[in-house]
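Working notes, beginning with the structure itself.
Treat the numbers as computed from the prediction; the structure is a model and nothing was measured.
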Amino acid sequence: MRTIDEMSVNALRILAADMVQKANSGHPGLPLGAAPAAYELWANHMNFNPADLNWENRDRFILSGGHGSSLLYALLHMFGCGLTKEDLMNFRQLDSLTPGHPEYGHTAGVEATTGPLGAGMSMAVGMAIAEAHLAAVFNKENYPVVDHYTYVLGGDGCMMEGISSEAFSLAGTLGLSKLIVFYDSNQISIEGSTDIAFTENVEQRMAAFGFQTLTVEDGNDLFAIGKAIEAAKADKERPSFITVKTQIGYGCPAKQGKASAHGEPLGAENVTALRRTLGWDSDEAFEVPEEVYAHYRELAARSADAQAQWNKLFADYCAAYPEMKALWDQHFNGDAAESLAADEEYWAFEDKPQATRNLSGVLLNRLKDRIPGLMGGAADLAPSTKTYLNGEGDFCKGNYAGRNLHFGVRELAMAGIGNGMALHGGLRPYVSTFFVFSDYTKPMARLAALMKLPVTYVFTHDSIGVGEDGPTHEPIEQLAMFRAMPGFNVFRPADATETAAAWYHAVTVKDAPTALVLTRQNLPQLSGSSRDALKGGYVLQDSSKETPDAILIASGSEVSLAVEAKEILAGKGVDVRVVSMPCMDLFEQQPQEYKDCVLPRDVRRRVAVEALSGFGWERYTGLDGAVISMKSFGASAPAAKLFEKFGFTADHVVEVVENLMK
């Protein structure tokens, strides 16, 4: 006779296998092996409320091995979190709530979009950082209003990916004791045994990072799994890493322990055999006994009680500390758009040449007092990227109230951690590095765009203007890469006003990440620069003619170059319009009428100027226009010499315009 716990675990296995089989697509191996660990955690250790999946103090659970999504969907269904049996039956189908990999914002209860292996591990670290910081800010004696755990489940692939090592190295250094990692150790990857490429002692690696390491020898032993979770929670100094030894495809005789269980349906006969092995009475797909549903309802009610207790605690806290309630609302529900737009001090700058990275640093320190949830740092480059919040302290073991994060030289994990901080809620994260190293952030920036997370990326040293460091440090193709990403806004501002507009957008937008691409070299403050930069592109300096002879379009440091060229052309009787294009993404979102007003269709002589790859500018210059851009990598020399060598001079712009007019 199976116990109710055994039946509840097997319900997850059966539903996961049925989902994959019906879709004829998916990954049954992880769900079959990891179901006991997931069940024990959700049933007996995790605080959450199925009726309010956005409860601020809930424990977080991230499935880093996102290919095992059918396990997560089975959990959400059985715990009454909104997924119906019909949703499970539509697994991997168009417009269903059960896509192939979990998608944040699409399916209630999914805490993060996962799929790229290891990504969930870094986002879990970000969530744990957010919890630790908010607890340090808000908790008072007898009022632990921020007090929850972050759990993440992943397998061998997650542990092979470098991002997990980057993230866990930092987590151990920071002593994030409320981070608990489950390692589904089945020693199987797509190509076969992990021994062909992965033989290290993972537990020793994690211990070296500063984790408490625990091992559950039998992945079906619920009692042992529970004891490991309790031991993890008992350690108040270190994050914990629980190795759970499992068999991939457990319960399916033909597939158990084999690579073929990983990423393909079991097959109808094997699903039937799975039912027999597990002692599952019904042969009907997606059929779960009522007594099992009743058990899950009881577990869910117990979870709801945890929130009810917290609600009372929080109400008493707000009564005792009304000023903290006001701060809480700023963190979790704040909207700075209106006040910031009217804040003249925020927008004011001296009329002198400055690097946009320096301007950004000034703005960041103005924003820190206006947006208390603003928190972030750089990949060991804050003095260069100007991303340090003065007077706010460093987030470190012993001072989780600090708002400056030192990510170390870990760009990929940094970007994933930023995602996790944004997903947690209550914070407005930013991350930073040199623009050429944005390549290292790209996979996690893409996930930020997919999840519509308002993470800010501060990328400095934006072009060949880097100079003497040479082509390894001079970005060329990166701007086109980020502009090509859907749902990702890229600002390359030309002066103080545009930089202020870029930051304004970054900290007020609710549904998209933003990159600020900033100069190392000084740029002049431009006549005509305005908050119209928030439209992505605008007329900076116009022609005196109703129809300009030509239009010069530029971004960043090349806008001042276009202004110089306009003056030279005016002396030659050629009257041109200068359009600043700090953000193509926002310009494309404007009404067609506005875009046609800025770039009239009947003005076909157009020249775009940008000291990076010209890819993408053709949409604005057309067949009759020209693009002055980089056609190669850069070189090592003073910036002024490089701009001259590669044709970024006012005289060359004038020459190109004159050639178009012949």
Under 3.5 Å, which donor-acceptor pairs do the side chains of residues 208-216 form with other protein atoms, sequence neighbours left out?
from	atom 1	to	atom 2	distance (Å)
Q212	NE2	A231	O	3.4
Q212	NE2	S240	OG	2.7

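Applying the side chain to side chain contact (heavy atoms under 4.5 Å, CB included) rule to S193 yields the partners D195; only residues at least two apart in sequence or on another chain are considered. For A136, the side chain to side chain contact (heavy atoms under 4.5 Å, CB included) test picks out Y400, A401, with sequence neighbours left out. For N399, the side-chain hydrogen bond (donor to acceptor under 3.5 Å, both in side chains) test picks out no residue, with sequence neighbours left out. Residues satisfying the salt bridge (Lys or Arg N to Asp or Glu O under 4.0 Å) criterion with K236, sequence neighbours excluded, are absent altogether. Take N390 and apply the side chain to side chain contact (heavy atoms under 4.5 Å, CB included) test, not counting sequence neighbours, and it matches N365, Y388. Residues passing the side chain to side chain contact (heavy atoms under 4.5 Å, CB included) test with A261, sequence neighbours excluded: I248, K255.
Applying the salt bridge (charged side-chain N to carboxylate O under 4.0 Å, His left out) definition to pairs two or more places apart or across chains, those involving residues 386-395 are K368-E392, E392-R403. The salt bridge (charged side-chain N to carboxylate O under 4.0 Å, His left out) contacts involving residues 406-415 comprise nothing, where partners must be two or more places apart or lie in separate chains. Residue pairs satisfying the side chain to side chain donor-acceptor pair (under 3.5 Å) criterion with at least one member in residues 201-210, sequence neighbours excluded, are listed as follows: S165-R205, E200-R205, E203-T243. Pairs engaging residues 114-134 under the salt bridge (charged side-chain N to carboxylate O under 4.0 Å, His left out) rule: E131-K178 [sequence neighbours left out]. Within the structure, salt bridge (charged side-chain N to carboxylate O under 4.0 Å, His left out) contacts touching residues 425-434 (residues at least two apart or in different chains) do not occur.
Screening F79, Y151, F182 for a ring pair (Phe, Tyr, Trp, His ring centres under 6.0 Å) involving W42 leaves a single residue, F79. Results of the ring pair (Phe, Tyr, Trp, His ring centres under 6.0 Å) test with F459 over F491, F482, F437, Y440 single out F482 as the only residue that passes.
Using a 4.0 Å cut-off between a side-chain N of Lys or Arg and a carboxylate O of Asp or Glu, D335 and K510 qualify as a salt bridge.
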>> Set out, in order, the CA-CA distance, both residues' side-chain angles and the distance that settles ring-ring contact (aromatic ring centres under 6.0 Å, His included) for H331 and F138, then state yes or no.
In response: CA-CA 11 Å; H331 274 264; F138 287 102; 5.1 Å; yes

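The closest side-chain heavy-atom distance from H101 to R92 is below 4.5 Å.
Judged purely by distance below 3.5 Å, without hydrogens or angles, the side chains of D156 and S189 never pair a donor atom with an acceptor atom.
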